[in-house]
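Since we're looking at a predicted model, the values are computed, not measured.
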Amino acid sequence: MNKAIHKINHPKQLRELNQADLPDLAKDLREYILDTLSVKPGHLGASLGVIELTIALHYHFDTPTDLLIWDVGHQCYPHKLLTGRRDNFDTLRQENGISGFPSREESEFDVFGTGHSSTSISAIVGMATADEINGINRKHIAVIGDASITSGMSLEALNHLGSTDLDVLVILNNNSIGIDPSVGGLKQHFNQLTNNQHSIFEDFGLNFLGTVDGHNFDSLLNAFQQANETKGPKVLHVKTVKGKGYEKAELDQVKWHAPGLFDKETGKITKVSKSKSYQDVFGETMLDLLNQNEKIIAITPAMITGSNLVKCHENFPKRVIDVGIAEQHAVTFAAGLAAQNTIPYCTIYSTFLQRAYDQVIHDVALQNLPVVFCIDRAGIVGSDGATHHGYFDISYLNTIPNVIIASPSNEKDFKNILYTAQFTEQPFAVRFPKESIETNENTFEYQKITIGKANKITEGNKIALLATGQLSYTIKEIITENKLENEVCLIDFPFIKPLDEQFIKILALKYNVIATFEDGILNGGFGDSVLKILNKSNYKGSFKMNGYPDEFITHGTINQLNQQLGLDKESILKFIQSYL
Ligand SMILES: Cc1ncc(C[n+]2csc(CCOP(=O)(O)OP(=O)(O)O)c2C)c(N)n1
Ligand SMILES: CC(=O)[C@@H](O)[C@H](O)COP(=O)(O)O
Ligand SMILES: [Mg+2]
């Protein structure tokens with residue numbers, strides 16, 4: 001093996017290699033990614049699958065002058081290794097370390113930040129158009145997966161691109177899977193595409209450059225040469241294997257999408273022993289509800305495993321529907337279901353529901369349709385970082401008429417809220433974090449919960465803390481651990497909208513210090529709503545809101561980020577003590 005290979009940290013060094021050395025470089029990157037990710041978890045399968053493609057792209061094209069965008073960006077690890085981040089790759093996704101996604105701040109080679117899928121074609125068309133206007137001549141390339149290209153945004157961008165003569169190359173990286181097995185009508189079309197076949201891309205007005213083996217350097221480099229010689233917009237279909245080169249990952253691609261810690265030799269994935277999570281409770285409750293009421297339909301936009309709906313799907317294949325990466329469609333599809341006497345539970349990560357904001361307003365709330373939104377990964381999510389945190393949802397839903405917003409802090413309330421939602425004749429959002437949950441101690445029976453009612457947890461006399469969601473549980477633990485029951489009055493708000501106005505008014509009469517706690521951005525959130533009520537009551541005491549600031553929060557563990565932001569246990573205890 002050419003020794004220089006281990007040191008390659010920049011495309012200029014890469015371009016000095018002989019083409020015959022490239023397979024060795026691929027082997028080296030594969031081992032490096034496996035070694036690192038086994039101890040510093042991240043998105044493994046997608047990155048292993050594009051190693052040859054990444055090397056070939058940086059070998060052939062003149063990056064960063066030529067512009068290269070990675071859709072979603074979870075497959076960008078080989079790109080990071082070849083573009084200056086080999087030496088700090090072991091800081092991936094950790095506090096103060098490099099991001100798990102392309103980031104313009106991090107490198108000139110990351111020409112567009114990604115994380116949410118299906119943005120790459122729009123962005124590259126924008127860049128190519130700008131270059132045309134500015135008289136800049138260079139190449140424009142977007143790499144996008146088979147699941148991401150079926151999303152609405154991608155199809156809108158292809159439709160636009162096909163009407164131009166922009167010299168853009170779209171590389172369809174087809175490994176026939178998303179996180180979970182791909183769904184939808186186009187899947188079959190992509191899998192049948194060969195060199196000689198007419199493709200849907202030609203109907204969009206694009207040149208189709210055929211199918212190449214994405215693990216073969218000769219094929220890839222020849223295809224790039226052909227792309228250079230083909231004027232106008234074009235699509236190259238590249239077939240790859242997710243998890244390529246690591247047998248375990250090739251054989252169980254769902255598990256190895258982002259496996260967590262693992263032993264590289266044995267392939268054993270370390271189970272982080274965790275107590276019961278919101279996701280566990282959600283999965284088991286949905287199974288109960290699907291069993292109890294045949295009108296209930298669960299919907300997921302391509303996150304069936306992440307949303308813990310696999311078991312529900314096995315039991316109710318027709319009533320648990322994966323619509324693909326299509327959040328906007330998922331919401332309006334749910335609206336249609338709700339309009340015709342079924343009860344949709346539209347299950348979407350908080351961060352991805354952002355994409356369907358108009359659908360929530362225009363198709364659901366405006367018509368007051370009883371769609372249940374099950375909003376997973378609310379709050380901050382940890383190592384996925386800024387693109388994936390879910391701390392905007394309280395604010396973005398708070399401003400929409402008709403929508404109920406719930407944020408339960410324990411298993412019993414969470415189950416009862418999900419149960420109650422089916423009987424409610426208006427949109428109902430239940431948000432919950434990727435965290436462990438306070439569990440029920442006694443046997444449980446589903447009961448309708450009173451919408452909008454807050455609950456007194458402790459009745460101390462010095463300070464009133466009004467909390468919602470997971471933070472309510474955290475504060476309860478702080479009070480117990482520090483025996484603060486006589487000093488701290490803790491009120492849990494399972495509902496942010498409608499708010500328990502009556503209760504807040506009573507507290508305003510009794511306490512000189514009131515503070516709110518929420519795992520959401522402060523602007524327009526729970527605290528803001530409480531403040532409005534306090535102002536109406538002419539409250540003259542001191543009031544403090546605790547939540548996330550008006551800024552984008554980076555990556556790290558959830559606890560590290562909460563420490564930085566003053567929402568970990570220690571900071572909250574200090575806050576309480578400062579008033580005692
Ligand atoms: C808007 C949006 N919805 C959902 C996701 C979650 N997600 C991340 S990767 C992925 C699958 C992508 O599949 P594909 O494009 O085929 O790429 P591959 O992982 O196969 O390389 C999904 C659904 C996301 N990042 N963005
Ligand atoms: C890249 C991407 O968007 C997903 O893979 C995301 O990282 C999933 O998050 P969870 O691991 O919390 O399901
Ligand atoms: Mg794929």
Side-chain angles (χ1 to χ4, degrees), residues 33 35-44 47 73-74 76-77 80 85 88-103 105-106 113 115 257-263 269-280 303 305-306 308 349-352 375-393 407 409 431-438 467 469-478 481 517-521 546-549 551-575:
I33 289 174
D35 284 337
T36 309
L37 262 70
S38 63
V39 287
K40 304 282 167 66
H43 289 100
L44 182 72
S47 283
H74 63 315
C76 73
Y77 302 170
K80 292 210 172 197
R85 287 158 280 184
N88 57 354
F89 189 60
D90 64 349
T91 68
L92 184 74
R93 291 158 50 91
Q94 293 152 71
E95 191 181 25
N96 303 320
I98 61 172
S99 164
F101 296 99
S103 153
E105 238 173 66
E106 198 178 283
H257 171 79
L261 295 169
F262 63 95
D263 182 319
I269 294 173
T270 314
K271 271 249 166 280
V272 187
S273 86
K274 256 187 100 188
S275 34
K276 198 168 191 181
S277 66
Y278 277 86
Q279 287 64 37
D280 295 331
M303 298 303 279
T305 297
N308 203 13
Y349 284 18
S350 172
T351 189
F352 302 139
I375 306 177
D376 199 336
R377 300 324 192 249
I380 50 173
V381 296
S383 48
D384 270 344
T387 53
H388 281 63
H389 293 313
Y391 61 100
F392 300 109
D393 53 11
S407 186
S409 66
R431 64 185 295 278
F432 52 97
K434 190 181 184 183
E435 291 271 16
S436 47
I437 189 168
E438 183 184 17
Q470 171 72 8
L471 278 171
S472 192
Y473 175 41
T474 307
I475 297 172
K476 187 173 163 185
E477 284 189 323
I478 294 172
E481 285 161 12
F517 285 84
E518 63 196 294
D519 58 345
I521 191 160
N546 297 279
Y548 296 125
E551 60 192 54
F552 288 106
I553 298 169
T554 176
H555 47 275
T557 64
I558 294 180
N559 198 45
Q560 284 165 342
L561 296 172
N562 275 332
Q563 266 170 12
Q564 290 170 19
L565 299 160
L567 282 181
D568 65 311
K569 263 187 161 176
E570 207 177 314
S571 313
I572 296 174
L573 176 61
K574 272 197 195 136
F575 173 86

Exercise. Is a donor on one side and an acceptor on the other found under 3.5 Å between the side chain of Gln563 and the backbone of Ile558?
Worked result: no
Seminar exercise, completed: Between the CD1 atom in Ile380 and the CD1 atom in Ile521, the distance rounded to the nearest 0.5 Å is 12.5 Å
Problem set entry | Heavy-atom check, side chain of His74 versus side chain of His257, under 4.5 Å | yes
For this session: Could you tell me whether the side chain of Arg377 and the main chain of Gly306 form a donor-acceptor pair under 3.5 Å?
Result: yes
Exercise. Do side-chain atoms of Arg93 reach the backbone of Pro41 as a donor and acceptor pair under 3.5 angstrom?
Worked result: yes
Exercise. CZ of Arg431 to OH of Tyr278: how many Å apart, nearest 0.5 Å?
Worked result: 9.5 Å
For this session: Would you check if the distance from the ring center of Tyr548 to the ring center of His389 is below 6.0 Å?
Result: no
Seminar exercise, completed: On a heavy-atom basis, the closest approach of Val39 and Leu261 is O-CD2, 3.3 Å
Problem set entry | Shortest non-hydrogen contact between Ala467 and Ile475, atoms and distance | CB-CD1, 3.9 Å
Exercise. Within the side chain of Thr557, is there an N or O that forms a donor-acceptor pair under 3.5 Å with the backbone of Gly382?
Worked result: no
Exercise. Are Leu92 and Thr36 side-chain neighbours, meaning at least one heavy-atom pair lies under 4.5 Å?
Worked result: no
For this session: Begin with the C-alpha distance, continue with both residues' side-chain angles, and end with the deciding distance and a verdict on side-chain contact (heavy atoms from CB on, under 4.5 Å) for Leu567 and Phe517.
Result: CA-CA 9 Å; Leu567 282 181; Phe517 285 84; 4.1 Å; yes
Exercise. Is a side-chain N or O of His43 found less than 3.5 angstrom from the main chain of Tyr77, in a donor-acceptor match?
Worked result: no
Exercise. Please walk me through it: do Phe432 and Gln470 pass side-chain contact (heavy atoms from CB on, under 4.5 Å)?
Worked result: CA-CA 8 Å; Phe432 52 97; Gln470 171 72 8; over 6 Å; no
Problem set entry | Closest approach of Gln94 to His555 (non-hydrogen atoms, all atoms of both residues) | O-CD2, 3.2 Å
For this session: Search all heavy atoms of Ile553 against all heavy atoms of Tyr391 and return the closest pair with its distance.
Result: N-OH, 3.0 Å
Exercise. If you draw a 6.0 Å radius around CD in Glu105, do more than 12 non-hydrogen atoms from other residues or ligands fall strictly inside?
Worked result: no
Seminar exercise, completed: So OG1 of Thr351 and CG of Asp393: to nearest 0.5 Å the spacing works out to 9.5 Å
Exercise. Distance from Glu518 atom CD to Ser407 atom OG, nearest 0.5 Å?
Worked result: 9.0 Å
For this session: Report yes or no: does Lys40 contribute a side-chain atom to a donor-acceptor pair with the main-chain N or O of Asp90 at less than 3.5 Å?
Result: yes
Problem set entry | Flag, side chain of Ser350 to backbone of Gly390, donor-acceptor distance under 3.5 Å | yes
Exercise. Is a side-chain donor or acceptor of Gln564 paired with a backbone partner of Asn562 at a separation under 3.5 angstrom?
Worked result: no
Exercise. Counting N and O atoms only, with roles assigned by atom type, does the side chain of Lys434 sit under 3.5 Å from a partner on the main chain of Gln279, one being a donor and the other an acceptor?
Worked result: no
Exercise. Where do Pro433 and Asp519 come nearest, in terms of heavy atoms and distance?
Worked result: CB-OD2, 4.5 Å
Seminar exercise, completed: To the nearest 0.5 Å, atom CG of Leu573 lies from atom CD1 of Ile478 at 6.0 Å
Exercise. Do Phe262 and Leu44 have side-chain heavy atoms sitting under 4.5 Å apart?
Worked result: yes
Exercise. How many angstroms lie between CG in Asn546 and CD1 in Ile572, if you round to the nearest 0.5 Å?
Worked result: 7.5 Å
Problem set entry | Least distance between heavy atoms, Thr387 atom then Asp384 atom | OG1-O, 3.7 Å
Exercise. So Asp280 and Asn308, side-chain contact (heavy atoms from CB on, under 4.5 Å) or not? Walk me through it.
Worked result: CA-CA 7 Å; Asp280 295 331; Asn308 203 13; 4.3 Å; yes
Exercise. How far apart are the C-alpha atoms of Phe352 and Asp376, what are their side-chain angles, what is the distance that settles it, and do they pass the side-chain contact (heavy atoms from CB on, under 4.5 Å) test?
Worked result: CA-CA 10 Å; Phe352 302 139; Asp376 199 336; over 6 Å; no
